[in-house]
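This report concerns only the one structure given below.
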Amino acid sequence: MTGRITNYGSQFVDSADIKSVAKALKQKNLTNGSLTPLFEEKLKLFLNVKYACSCNSGTSALFLALKAIGTKENDIIIMPAVNFIASYNISKLFNARIYLSDTDKKTGQMSPEDVENCCKKFKLKKIKAIIPMYNGGYPNNAENFLKFKKKYGSYIIEDACHAFGSSYKFKKNFHMVGSCRHADISTFSFHPLKTITTGEGGLVTTNNKKLFEKIQKIRSHGILRTQNQHWQYDVVFEGLNFRLTDFQAALGLSQLKKIKKFLNYRENIFNFYNKNLKNIKQIRCPKRMLCQKPSYHLYIINFKKINLKTKIKFIKFMKKNNVIVQQHYIPIYKFKSFKGKFINTNTEYYFKSSISLPIYYNLKKEKQLHIINLIKKFFTR
Ligand SMILES: Cc1ncc(COP(=O)(O)O)c(C=O)c1O
């Protein structure tokens, strides 16, 4: 099958979503109305967390988190080398000292051992924040970072932008990523390629009232309205405008109704790929782990023989056949603008050997088969 290009991800917007947004556009308040707080209420229930503050992107969610914990110049922040650039860029805006930890060879994720190695190698004593990122939506070790809070006085901020809808098992129960059972703050993105979308959009969750109140204020100019008079307000914090509009919240509310369907569909693709690709001896498929229910944001395979040249050939071959596979991610230390310290022993291996195949709600079976057949063809040429 050839024809239209298949991207590695895509949004799904149906007529119910369009109706919901159209209705919101007819309301008196396009922003600061009732739909944004309603969306936040539903998100709180879904994630089983005390406080939820929506905002206009996953990037601003990370900004709100770092600002709320009082990040300042020379504060130490640890994050994985395999990462989207947002948490790095924001930490840089605060003039923090950034340490990129090594990551797992297969998943590109930072483990607690990687954090410890980073602390040992660079002799770090006090750490302002540790920012794990659940690459692909698989919440590996989600319950195991909290111990650093005591040891290094560190805040744990989960960059859960890939993991909306993911949960992990801890002491027989499943906990939603975003419930902040094992983190101070979680951040999410509602970009079109994520589990649900609001166009652009983001979310910060926490169980800490003080942090939440700060986050809410920073989202809206640091303004505090306590007076009776409509014209009166105080500014108690330096803040910005990171608000989500009410018509974006309307889209989010409508998308949230479909979350189970979205997650099931992605899981089925994961299983179908695993079943059909497992016999290709040149690649390794991702493992299903019983201790977690991921969002399946990405489906990442590893080439067993690490060879960047072969991987680039594969990317070109797939593109020639209208399938866009993607690198998640180029390690941050490879960028010109990077200033910081890093460990890259396993990260280099991951970078050379990993690639993401298309996975999204409504990716038809026919296309999934086309992708599988192309991969088989590539390795038998
Ligand atoms: C891991 C991760 N963090 C942060 C972000 C930033 O989210 P947004 O694009 O909504 O600003 C993204 C977006 O792709 C991401 O993948």
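Remember, it's 1-based here, ligands and their atoms both numbered in the order they're listed. The analysis underlying the following values was restricted to heavy atoms, covering all of them including side chains, and did not include hydrogens, waters or symmetry mates. This is a predicted model, so every value here is computed, not measured.
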Go ahead and list the nitrogen or oxygen contacts between ligand 1 and the protein that come in under 3.5 Å, distances to 0.1 Å, or just say none.
unit_1   : atom_1 : unit_2 : atom_2 : d
ligand 1 : 3 (N)  : D159   : OD1    : 3.2
ligand 1 : 3 (N)  : D159   : OD2    : 2.8
ligand 1 : 10 (O) : G58    : N      : 2.7
ligand 1 : 10 (O) : S189   : OG     : 2.7
ligand 1 : 11 (O) : G58    : N      : 3.3
ligand 1 : 11 (O) : T59    : N      : 2.9
ligand 1 : 11 (O) : T59    : OG1    : 2.5
ligand 1 : 14 (O) : K194   : NZ     : 2.8
ligand 1 : 16 (O) : H162   : NE2    : 2.9
ligand 1 : 16 (O) : Y329   : OH     : 3.1

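- For N32, there are no side-chain hydrogen bond (donor to acceptor under 3.5 Å, both in side chains) partners at least two apart in sequence or on another chain.
- The ring-ring contact (aromatic ring centres under 6.0 Å, His included) contacts involving residues 212-239 comprise Y51-F212, where partners must be two or more places apart or lie in separate chains.
- A salt bridge links K334 to E348: one of the charged nitrogens lies within less than 4.0 Å of a carboxylate oxygen.
- Looking at E116 and K147, no side-chain N of the basic residue comes within less than 4.0 Å of a carboxylate O on the acidic one, giving no salt bridge.
- Aromatic ring pairs are classed by plane angle as parallel below 30°, tilted from 30° to 60° and perpendicular above 60°; the pair F39 and F190 is tilted.
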Pairs of donor and acceptor atoms involving the side chains of residues 135-142, under 3.5 Å and at least two apart or interchain, shall be tabulated with distances.
unit_1 : atom_1 : unit_2 : atom_2 : d
N135   : ND2    : T107   : O      : 3.1
N135   : ND2    : H328   : O      : 3.4
N135   : ND2    : Y350   : OH     : 3.0
Y138   : OH     : L298   : O      : 2.6
N140   : OD1    : Q292   : NE2    : 3.0
N141   : OD1    : N144   : ND2    : 3.4

